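The structure appears below as structure tokens.
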Amino acid sequence: MPPQTRRTSFPKVVIDRDTDSEESSSDEDEIDEEDDVVGEEEVTEPKADEEEGEEEQEKSVTKKKTPITISLKKVCKVCKRTGHEAGFKGATYIDCPMKPCFLCKMPGHTTMTCPHRVATEYGVVPAPRRNTHSSLDYVFQRQLRPHIPKKGQLGVWDFCKVYEKTVYSEIHGCILNNMKLNPRNDGTVYTGSSDGTACCVDLETGISLSLMNLNPNGWQGPSTWRMIYGLDINLDKGVVLVADNFGYLYTVDMRSNNVTGKPILIHKKGSKVVGLHCNPLQPDLLLSCGNDHFARIWDMRQLETGSSLVDLPHKRVVNSAYFSPLTGSKILTTSQDNRIRVWDSIFGSLDSPSREIVHSHDFNRHLTAFRAEWDPKDQSESLVVIGRYISENYNGAALHPIDFIDISTGQLVAEIMDPNITTISPVNKLHPRDDILASGSSRSLFIWRPKEKHEIEKPIDERKIVLCGKAEKKAKRKFGDESDCDSDDDGFTTKGKTVKSKQPYLDSTSTSKSKSKSKSKSKSSKKP
DNA sequence: ACGAGATGGACCC
DNA sequence: TGGGTCCCCTCTCG
């Protein structure tokens, strides 16, 4: 397939590949629509259609223009220059050499030769069409057009009966950005949504209690619509903390289920507060992170704008920031600059992170943000799980693994992938007590259960995969409902067929090239 | 099977 | 500060 990099307004071009020499020395100048055209014919923009709408104009352009046959050498789909090509070469994605490294963002090399990693896979040409709608119009659209598929559903599974799913669709009208189980009563969950409401939901009955509504007057346009992102529970103070896309923090009293006090601006005005986390040992400490490239530590006793105890700067948006789960003294952040950052002690100097670990999670929109999550069982507070964005070639398949990283060394301890799960898995949660990983992608939810404790790099031979949406329906049609918690079968069901495999899915030795230059052989050594 | 579109952030002026 | 434009490994739906 020839590179498709044109806008729709450009006339249809028949590309005639030319491997031998010099016709295209005219590629020095600016990257413009016309610049790649080396042929004789000049392309002129139409002037007559000024009155027509955008779409009409575009249509007529393509109609009037006759295909031009041009002769070009290889065109890079990224920078649109000739002489090199970006994209897939077989199963490997070749980076554009004119751009900084896609992984570590440093100039001078590409992902292929990046000291932090190699390997690419799976190409995609971005949709060329522009969208003139406001990013939030869909909220409004859905109110007018009820046939738009329902969003904001809350699904509940018992991971022992993975095909028994309960879906509550009436709680939120928009995507749920954050959920937190009530630690006192895990039969209830607190949710925050882009519809601007926060709820307390009974998981058994689906009965929900609205805690707050940031858009009491309904849709007044995108500039005023508030969405809830950050959410956490502070049991000691008996409050649920919630933050919105305008930089504000709200406090909800858990007894009265009412908002108390005034909203407090904790991040740059108008910027999204992506995450909140209360310190597990020190109830007065709150950690927040946002689109203003900061993570901030706050003292709950004196919460006011500008009163943060510490500001932790990042180079780009901070997807998540968490205190360590047992001592609460470490901080782990994930930023869109492809770096996981670790601060070893909140009691020491926080001037700069103790470590920055390069990891591919700089996603191309339309994807849930990757978040490095602690293993709550790891006594040394050094094991972290996070999905990976760029794929690798695993026996010819492009897969996006889920990485386990030792944040004390930066080494990749294990990576999980499954030949049948080709989607990216941005959402990952480790079980608080058992060795279970729940992992979510756009199409499936899957549960990993390593046989031996704390040896996640061992082959996993008991797995559960839950398919969602279309894939789920397909599978159900074929197999009917299925519940196989105690099954000894080491096959699994997915995409409508059962696959048996004895292959190890966690083979850290075969991928030692990634992340770590010096691979540790004693992986379970850091375990208690 | 193919292509449009959903939709967020960076960067530029 | 605000609108316009661009964007490198998505994914689904029509």
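Just so it is clear, the values below take in all heavy atoms, side chains as well, and ignore hydrogens, waters and symmetry mates. Please read all numbers here as calculations on a predicted model, not as lab measurements. A note on names: the letters A, B, ... follow the listed sequences, proteins ahead of strands, and every chain is numbered from 1.
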Open item on the list: What I want to find out is whether A:D362 reaches A:K105 closely enough, with some N-O distance under 4.0 Å, to be called a salt bridge.
Closed with: yes
Open item on the list: Quick check on B:dA10: is either OP1 or OP2 less than 4.0 Å from any side-chain nitrogen or oxygen of A:H293?
Closed with: yes
Task: Whole-Å distance separating the NZ atom of A:K315 from the C1' atom of B:dC11 - done: 18 Å
Task: Given A:L312, A:L286, A:V310, A:D311, the one that forms side chain to side chain contact (heavy atoms under 4.5 Å, CB included) with A:R296 - done: A:D311
Task: Nearest-angstrom distance from the residue atom CD1 of A:I175 to P of C:dT12 - done: 14 Å
Open item on the list: Tell me the interatomic distance from A:I390, atom CD1, to C:dT10, atom C1', rounded to whole angstroms.
Closed with: 15 Å
Open item on the list: Between B:dA6 and A:H366, is there a base-stacking contact, meaning the centre of the base's six-membered ring lies under 5.5 Å from the residue's ring centre while the planes stay under 30° apart?
Closed with: yes
TODO: Check the side chains of A:W298 and A:S288 for a donor-acceptor pair under 3.5 angstrom, ignoring hydrogens and angles.
DONE: yes
Open item on the list: On DNA chain C, compare the nucleotides closest to A:C101 and A:K268; which residue's is nearer the 5' end?
Closed with: A:K268
Open item on the list: Just the rounded figure in Å: distance from P of B:dG9 to CG of A:L367.
Closed with: 13 Å
- [ ] Using whole Å, report how far OH of A:Y389 lies from C1' of B:dG8.
- [x] 13 Å
Task: Residue A:R365, side-chain atoms from C-beta onward, closest of C:dC8, C:dC11, C:dC7 - done: C:dC7
Open item on the list: Does a side-chain N or O of A:N291 approach OP1 or OP2 of B:dG8 to a distance below 4.0 Å, or not?
Closed with: no
Open item on the list: So, does A:K272 get its side chain near the phosphate of B:dG9, meaning an N or O under 4.0 Å from OP1 or OP2?
Closed with: yes
Task: Of the listed nucleotides C:dC8, B:dG9, C:dC11, the one nearest the side chain of A:F102 - done: C:dC8
TODO: Measure the distance from CE on A:M106 to P on C:dC8 and round it to the nearest whole Å.
DONE: 19 Å
Open item on the list: Within the 4.0 Å heavy-atom criterion, would you say A:P100 contacts the bases, only the backbone, or no part of the nucleic acid?
Closed with: base
TODO: Check whether the side chains of A:S335 and A:N319 place a donor and an acceptor atom closer than 3.5 Å, and report yes or no.
DONE: no
Task: Protein-nucleotide distance (A:K269, atom NZ; C:dG2, atom P), rounded to Å - done: 12 Å
- [ ] Please check if any side-chain donor atom of A:T334 sits under 3.5 Å from a side-chain acceptor atom of A:H361, or the reverse.
- [x] no
Task: Protein-nucleotide distance (A:H361, atom NE2; C:dT10, atom P), rounded to Å - done: 17 Å
